[in-house]
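For reference, the structure is listed below as structure tokens.
What you are looking at is a predicted structure, and each value in this text was computed from that prediction instead of being measured. Excluded from the calculations below are hydrogen atoms, water molecules and symmetry mates; all remaining heavy atoms, backbone and side chain alike, are included. Below, chains carry the letters A, B, ... as their sequence lines are ordered, and counting in each starts from 1.
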2 protein chains.
Amino acid sequence: MAANGGADAEKRVRLSRDRLLRGAIAVADTAGIGSLTMRSLAQELGVKPMSLYHHVTNKEEILDGIIDLVFSEIEPPAADADWRSAMRHRAISARGVLGRHPWAIPLMESRANPGPATLRYHDSVIGTLRRAGFSIGMAAHAFSLFDSYVYGFALQEASLPFDTATAPDVAESIMAQFPTGGYPYLAELTTEHVLQPGYDYGDEFEFGLDVILDSLERLLTMADAPRIDGSRSGR
Amino acid sequence: MAANGGADAEKRVRLSRDRLLRGAIAVADTAGIGSLTMRSLAQELGVKPMSLYHHVTNKEEILDGIIDLVFSEIEPPAADADWRSAMRHRAISARGVLGRHPWAIPLMESRANPGPATLRYHDSVIGTLRRAGFSIGMAAHAFSLFDSYVYGFALQEASLPFDTATAPDVAESIMAQFPTGGYPYLAELTTEHVLQPGYDYGDEFEFGLDVILDSLERLLTMADAPRIDGSRSGR
DNA sequence: ACCTGAACACCGTTCAAGT
DNA sequence: ACCTGAACACCGTTCAAGT
């Protein structure tokens, strides 16, 4: 470990804002966001708690910073991709990122200071829609629907009491708590579908995603060739 | 908050688990979930911190309890409602509830112990779908899509840095931080649409909801009268 | 310039006691 | 039975100092 003074990646590296934020993500990923304290982070970085305040003004700034780093992990689509595959690519990447950092999802609620990567991501989504021909109003609709679904799915996936792919026994023990007959539809869905060998809740993601993309595509072509009665969507 | 009972709702009422949980919701609603501590809750209830432990084993149990109380606020649809208006009614009610208790949304992620109201809500949604004729697999798809959208929209609405309806000036100050030209599509959408007088982000909710309900209706009728080529949804 | 020890006002929770 | 004071091991953060 402490062989020479060279490039050991241990605690000899100078502290920096970037190293601090990446350390914070590492702590949150492995021990949960609840375990991320100034003291635990300092220990992770081989430094004393007070040193952190030299690179960051307070813990809030750390939370803002790691959320933006999470957004930066979302892959941008290929430059020449059509709007639909661009949206699809982004959604799948975003879900993967939020799956790797589930603690980030609830955090997004309280962060009022979006960072550059967050703004870039949103700008890029809206840009894809606008260039595809969505009007401003339709782009706002589509953006809201798309992002709500992606975040909501990630939130739900993270809150699943059972990881169906790896621990069906846990699901069964939860099922067993259902007062018999109290939740018949939930019981049916769980035992006859969710607990079946091949089922993986994650697979639901692409189904919903394609339903939404189908709908957006329909709206787009409807706008191109409006009907005589001028009506838009249902209701 | 303190004025629901007929007699003095002050500190003279005996402490109970229900009064404790409702006090916790009152604190979270007015001061934020971050301000909900055993000490602040005790003060709200006119009691000493240690008294709380007589009705609840720890703070985790309080969080589980208030999440379930939030779910219990979601209005069940009329018994004779058709599936579509039942789903619509529930979604709108759920969004209203989560809007009143925005702190509950991130909390749902970490709660692995769903309470009776939570289970009843989910059972009721799945039941509506099953009775409408959705197969188990389709009900799982529809359930995932529907719930993801509702939670995701609420999450996004809660995380909006600007409350467009009441404080457009805040939005403008945030806009001003955008490095000029750095986020052109975001800037366009914000200045030319979101900041316009009549705009309320909340109105996006019903648009996306109806898109989703339209899609589900299409899936349901397609399942009733399958096409010759057997294809399902796009791609 | 960067790092740190001691200290302060907070947490959740245990334990032994009060009525 | 229900409530509580004192205490413990934690927090985030300030401040004055070290190199």
- Rounded to the nearest angstrom, tell me the gap between atom CD1 in A:Ile33 and atom P in D:dC11. 14 Å

- How many Å lie between CG on A:Asn58 and P on D:dC11, as a whole number? 17 Å

- Value in whole Å for how far the P atom of D:dC3 lies from CG of B:Leu20: 10 Å

- Task: Could you tell me if the ring centre of A:Tyr121 sits under 6.0 Å from that of B:Tyr183?
- Result: no

- Task: Check each of B:Arg95, B:Arg22, B:Arg100, B:Arg90 against B:Glu73 using the salt bridge (charged side-chain N to carboxylate O under 4.0 Å, His left out) test, and report the only one that passes.
- Result: B:Arg100

- Message: In the structure I gave you, are the side-chain heavy atoms of A:Leu98 and A:Leu155 within less than 4.5 Å of one another anywhere?
- Response: no

- Side chain of B:Met50 (C-beta onward), nearest among C:dT4, D:dA7, C:dT14: C:dT14

- Could you check which of D:dT14, C:dT13, D:dT4 has an atom nearest any side-chain atom of B:Met38? C:dT13

- Note on the structure: Of B:Pro49 and A:Pro49, the one whose nearest nucleotide on DNA chain C sits closer to the 5' end is A:Pro49

- Task: Check whether any side-chain N or O of A:His54 sits under 4.0 Å from OP1 or OP2 of C:dT4, and answer yes or no.
- Result: no

- Query: Would you find more than 12 non-hydrogen atoms of other residues, nucleotides or ligands less than 6.0 Å from A:Gln196 atom CD?
  - Reply: yes

- Message: Does B:Thr37 reach a base, just sugar-phosphate, or nothing at all? Heavy atoms under 4.0 Å.
- Response: sugar-phosphate

- Quick one: on DNA chain C, does A:Arg39 or A:Ser51 contact a more 5' nucleotide (nearest heavy atom)? A:Ser51

- Task: Would you indicate, yes or no, if C:dC3 has its OP1 or OP2 atom less than 4.0 angstrom from a side-chain nitrogen or oxygen of A:Lys48?
- Result: no

- Item | Euclidean distance, atom CZ of residue A:Arg19 to atom C1' of C:dC2 [Å, nearest integer] | 14 Å

- Query: Once Watson-Crick and G-U wobble pairs under 3.5 Å are found, how is DNA chain D written in dot-bracket notation, 5' to 3', with | for any base paired to another strand?
  - Reply: ||.|||||...|||||.||

- Could you tell me the separation between the CD atom of A:Gln43 and the C1' atom of C:dT4, rounded to a whole number of Å? 16 Å

- Tell me: CG of A:Leu36 to C1' of D:dG12, nearest whole Å? 12 Å

- Task: Give the ring-plane orientation class for A:Tyr151 versus A:His122, where under 30° counts as parallel, over 60° as perpendicular and anything between as tilted.
- Result: perpendicular

- Message: Looking at D:dC2, I'd like to know if its phosphate oxygens (OP1 or OP2) sit under 4.0 Å from a side-chain N or O belonging to B:His55.
- Response: no

- Item | Atom-to-atom span, CG of A:Leu52 to C1' of D:dC15 - whole angstrom | 17 Å

- Query: Is it true that A:Phe153 and A:Tyr201 have ring centroids separated by less than 6.0 Å?
  - Reply: yes

- Message: What I want to check is whether the side chains of A:Glu204 and A:Tyr199 have a donor and an acceptor closer together than 3.5 Å.
- Response: yes

- Note on the structure: From CG of B:Leu45 across to C1' of D:dT4 the rounded distance in Å is 15 Å

